[in-house]
Visitor: 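Dropping the structure in here first, questions after.
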Amino acid sequence: MTSETELMRVSLVFLAVASVLTYSILFFLRRHYRRGYLQRWERSWLWLAVFHLGAPISLQLNLSGESTPLLVRILASTIVNGGSCLHVVYLLSGAWELRKGRVVADRWLRIWSLSAAGLALVLVLLFSWDHALVQERILVRSGGRGLLYGLAFIPAGVMIWRALAGRGGIGYRLLGGSIVAYGIYGFQVLGLTAISYLDQELRPLQLYLGFIEILPQMGIAAGMVIVLLEEERHSAIQAAQQIEHLAYHDPLTGLPNRSLFLDRLRSVLASAPRHGREVAVAFLDLDLFKRINDSLGHAVGDEMMRGVAHRLRGALRAGDTVARMGGDEFTLLLEVHERADAERVLSRVLDALRHPFSIQGRELIVTASAGVAITAGEPVAAESLVRHADLALYRAKQEGKDVLRFFEGGVEDDHTVRLALELALRRALEVGDQLLLYYQPLFAAGSGAVVGVEALLRWRQPSGRLRLPTEFVPLAEASGLIVPLGRWVIEEACRQAAGWRQAGAVDLTVAVNLSARQLNAAEFVQQLARSLADCDLPGSALQVEITESVAMQDVSLVGSVLSRLRELGVSVTLDDFGTGYSSLAHLQSLPIDGLKIDASFVKTVHSDPGSEAIVRAILSLGKELQLEVTAEGVETEQQLAILSRLGCPQLQGFYLGHPLPPGELETFLTARGVLGAA
Ligand code: C2E
Ligand code: CA
Ligand code: CA
């Protein structure tokens with residue numbers, strides 16, 4: 001055996017090891033990432049491994065001469081050469097799927113695979129009848145493989161490079177470039193095989209071909225991995241953008257929705273005084289729209305709604321905002337110099353609606369009523385302005401159809417009511433026994449096990465009336481009362497958690513809701529740590545929930561408070577996710593452990609494809625960022641079924657368990673075996 005054949009052997013082993021290694025990497029990547037194109041590439045490298053492992057055996061059989069039956073030799077060569085042809089087919093189909101984002105139909109894959117196998121057989125059969133024609137056989141088999149690589153890979157590589165390089169990143173360039181290099185390598189194999197056939201001797205370079213082939217192969221493998229990682233990142237960014245768009249726009253009309261409207265209103269209210277402007281909010285409600293919807297069907301109603309949206313947009317200036325609040329209600333946001341300007345613009349808007357709409361061959365007439373509230377040089381909260389406009393609309397409707405009405409006064413009354421409520425709440429805090437915590441269980445989707453409870457604040461007034469937090473928490477936030485109130489919630493929740501742990505629920509976590517003011521309060525973290533220590537609780541017994549919008553207000557401050565909570569072992573969940581503005585960058589930088597999908601999406605997950613898309617996107621975002629995702633507000637079996645199908649890991653809602661006072665929750669937990677029967 002010469003040193004030349006020795007060298008070739010080493011290079012063959014080298015190639016075989018490399019292809020098996022690459023195959024294994026692709027195998028694990030595919031199991032983890034489940035991308036279609038990865039499956040193709042995994043298959044492709046499986047066939048390459050067949051080729052490289054089989055080539056030395058087949059070579060040996062062929063060199064052994066007549067001692068091996070012709071049929072066995074042909075069979076071995078066909079499997080080996082078929083391997084390299086199938087390698088090409090699967091590599092190309094994976095690249096095509098990646099580029100087009102579509103799956104190659106099974107039928108085409110079968111046709112191409114059969115053609116590849118046929119080609120391999122033809123190459124093997126040529127010159128196979130005469131054992132002496134060794135050089136000819138090498139020429140067709142090795143040269144044929146080179147030709148195939150060159151013809152297939154150069155255009156495919158250029159296609160990947162050109163089509164996807166625009167997206168940025170280096171993965172596609174490396175992948176495309178390496179595939180082109182692989183094609184060039186193929187032509188070189190063809191050339192060298194032809195020359196050495198003519199000279200009847202091996203060229204020095206030919207001895208090193210195996211080592212050269214490693215280079216494009218490694219480039220392709222590295223390119224595939226980088227492409228995969230870049231694709232993952234790209235889809236996370238897309239999911240975040242999709243969530244943002246879906247969450248801030250009305251899917252039917254494409255207009256901003258309530259959240260976006262309020263957000264813009266807040267920023268306009270902050271800037272308008274500087275420009276000496278007033279801000280007007282108009283609430284618009286279509287008269288008798290329900291009748292159109294009921295008598296002519298939803299399709300007509302929807303088209304009408306789009307038509308109305310279009311006209312509203314057209315009647316306003318570019319800087320004004322029109323939003324759809326839901327149903328047949330729209331809100332307009334205008335910046336004006338004085339009230340008369342607002343009156344003029346809004347009369348024009350109502351005028352624009354009076355012309356008949358032509359929908360599906362029908363002429364339909366719709367009118368609208370509007371209620372308007374305007375700042376009068378005084379600072380007003382966004383919510384109040386909207387509420388006042390709503391009130392004015394209510395009065396407009398009482399007066400008849402097609403009416404425009406301004407909100408006049410009544411602010412004083414509002415103030416007095418708030419003041420009285422605030423005083424009562426202060427007293428409740430002092431007295432103590434008026435405040436209660438209810439607890440709502442959270443469930444693991446797969447096992448149905450109770451994984452924790454959320455503490456929800458209740459206020460039992462001396463009159464016996466049970467007030468919900470939505471009625472008094474905003475007031476407590478505005479007056480600063482939320483700080484002592486929140487402190488009480490944490491102490492009470494810790495006390496309760498410690499009791500349940502002693503009664504046997506060792507893993508039960510209690511979640512509490514936090515307000516922005518609490519996070520900003522001095523010594524918040526120290527106090528929380530003290531509450532835990534007083535009850536002898538580990539940090540992991542407690543969870544905190546903050547709403548997405550709070551978290552996004554001051555990311556660096558909130559981030560540092562949350563980090564310190566996490567150092568205590570307390571986990572952090574972002575509440576009402578999907579309704580605030582979070583950019584992916586912020587989400588990644590915030591030290592959080594979980595997301596709660598806002599109940600508004602869960603509510604319509606079974607009826608509105610937009611909501612389902614948001615839920616899907618949030619789930620994939622959660623997976624990407626390794627956050628525990630909970631869907632809250634699950635009210636029906638249907639919602640539960642869809643959420644389970646979408647793979648939502650944790651669930652909460654009336655359908656599974658209502659918020660209960662501690663005694664009733666204990667009965668519930670005992671029945672489920674979470675607490676030992678007392
Ligand atoms: P949240 O944190 O999003 O709490 C979930 C709310 O949804 C609770 O209302 C709960 O009773 C309700 N809920 C649960 N399951 C369902 C369901 O299937 N369908 C429907 N429609 N609702 C469901 P709740 O108790 O009225 O609390 C309202 C909000 O008040 C909470 O929203 C939270 O933001 C705030 N809150 C509650 N307790 C506290 C507290 O101790 N501190 C602070 N700062 N805020 C609190
Ligand atoms: Ca919550
Ligand atoms: Ca929530």
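Atom set for the values below is all heavy atoms of this structure, side chains included, hydrogens, waters and symmetry mates excluded.
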Visitor: Are any side-chain N or O atoms of Arg458 and backbone N or O atoms of Leu466, one a donor and one an acceptor, separated by less than 3.5 Å?
Guide: no
Visitor: Can you name the residues that form a ring pair (Phe, Tyr, Trp, His ring centres under 6.0 Å) with His245, not counting sequence neighbours?
Guide: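 Once residues adjacent in sequence are excluded, the partners of His245 under the ring pair (Phe, Tyr, Trp, His ring centres under 6.0 Å) criterion are His249.
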Visitor: Please tell me if the side chains of Leu640 and Phe443 come closer than 4.5 Å, counting only heavy atoms from C-beta onward.
Guide: no
Visitor: Does atom CZ (Arg266) have a neighbourhood of more than 12 heavy atoms from anything else shown, all under 6.0 Å?
Guide: yes
Visitor: Which atom pairs, donor and acceptor, lie under 3.5 Å between side-chain atoms of residues 614-635 and protein residues at least two apart or in another chain?
Guide:
unit_1	atom_1	unit_2	atom_2	d
Arg616	NH2	Glu612	OE2	2.7
Ser620	OG	Ala617	O	3.3
Thr630	OG1	Gln650	OE1	3.3

Visitor: Do the side chain of Thr604 and the main chain of Ser607 share a donor and acceptor less than 3.5 angstrom apart?
Guide: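 The answer is no, because no donor-acceptor pair under 3.5 Å joins these two groups.
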Visitor: Gln440 side chain to Gly657 main-chain N or O, any donor-acceptor pair under 3.5 Å?
Guide: yes
Visitor: Main chain of Leu332, side chain of Asp320: is a donor-acceptor contact present, judged purely on distance under 3.5 Å?
Guide: no
Visitor: Is the NZ or CZ atom of Arg311 both under 6.0 Å from the centre of the six-membered ring of Phe357 and within 45° of that ring's axis?
Guide: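 Yes; both conditions hold, so Arg311 lies above the ring face of Phe357.
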Visitor: Looking only at side chains, do Asp287 and Thr367 share a donor and an acceptor under 3.5 Å apart?
Guide: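 Thr367 and Asp287 do have a side-chain donor-acceptor pair below 3.5 Å.
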Visitor: Using distance alone, with no hydrogens and no angle criterion, decide if Glu231 and Tyr172 have a side-chain donor and acceptor under 3.5 Å apart.
Guide: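 On atom types as modelled, these side chains qualify, holding a pair under 3.5 Å.
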Visitor: How about CZ on Arg258, more than 12 heavy atoms from neighbouring residues, nucleotides or ligands closer than 6.0 Å, or not?
Guide: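 It does not: Arg258 CZ has 12 such atoms or fewer within range.
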Visitor: Judged by atom type as modelled, is there a donor-acceptor pair below 3.5 Å linking the side chain of Ser563 to the main-chain atoms of Gly559?
Guide: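 Present.
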Visitor: Backbone N or O of Cys648 within a donor-acceptor pair of the Arg645 side chain at under 3.5 Å?
Guide: no
Visitor: Donor-acceptor check, side chain of Asp294 to backbone of Gly297, threshold 3.5 angstrom: yes or no?
Guide: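 Flag not set: sc Asp294 to bb Gly297 has no pair under 3.5 Å.
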Visitor: Check for a donor-acceptor pair, side chain of Gln639 on one end and backbone N or O of Thr636 on the other, with a separation under 3.5 Å.
Guide: yes
Visitor: What I want to check is whether the side chains of Thr375 and Glu278 have a donor and an acceptor closer together than 3.5 Å.
Guide: yes
Visitor: By the definition side chain to side chain contact (heavy atoms under 4.5 Å, CB included), identify the one residue from Val380, Val336, Leu265, Ile374 that meets it with Val279.
Guide: Leu265
Visitor: Between Lys397 and Ser369, what is the shortest heavy-atom contact and its length?
Guide: CE-CB, 4.2 Å
Visitor: Would you say the side-chain atoms of Glu454 and Asn513 include a donor-acceptor pair closer than 3.5 Å?
Guide: yes
Visitor: State whether the side chain of Asp250 and the backbone N or O of Thr253 hold a donor-acceptor pair below 3.5 Å, judged by distance alone.
Guide: yes
Visitor: Using only atom types and a distance under 3.5 Å, with no angle test, would you say the side chain of Asp341 pairs donor to acceptor with the backbone of His337?
Guide: yes
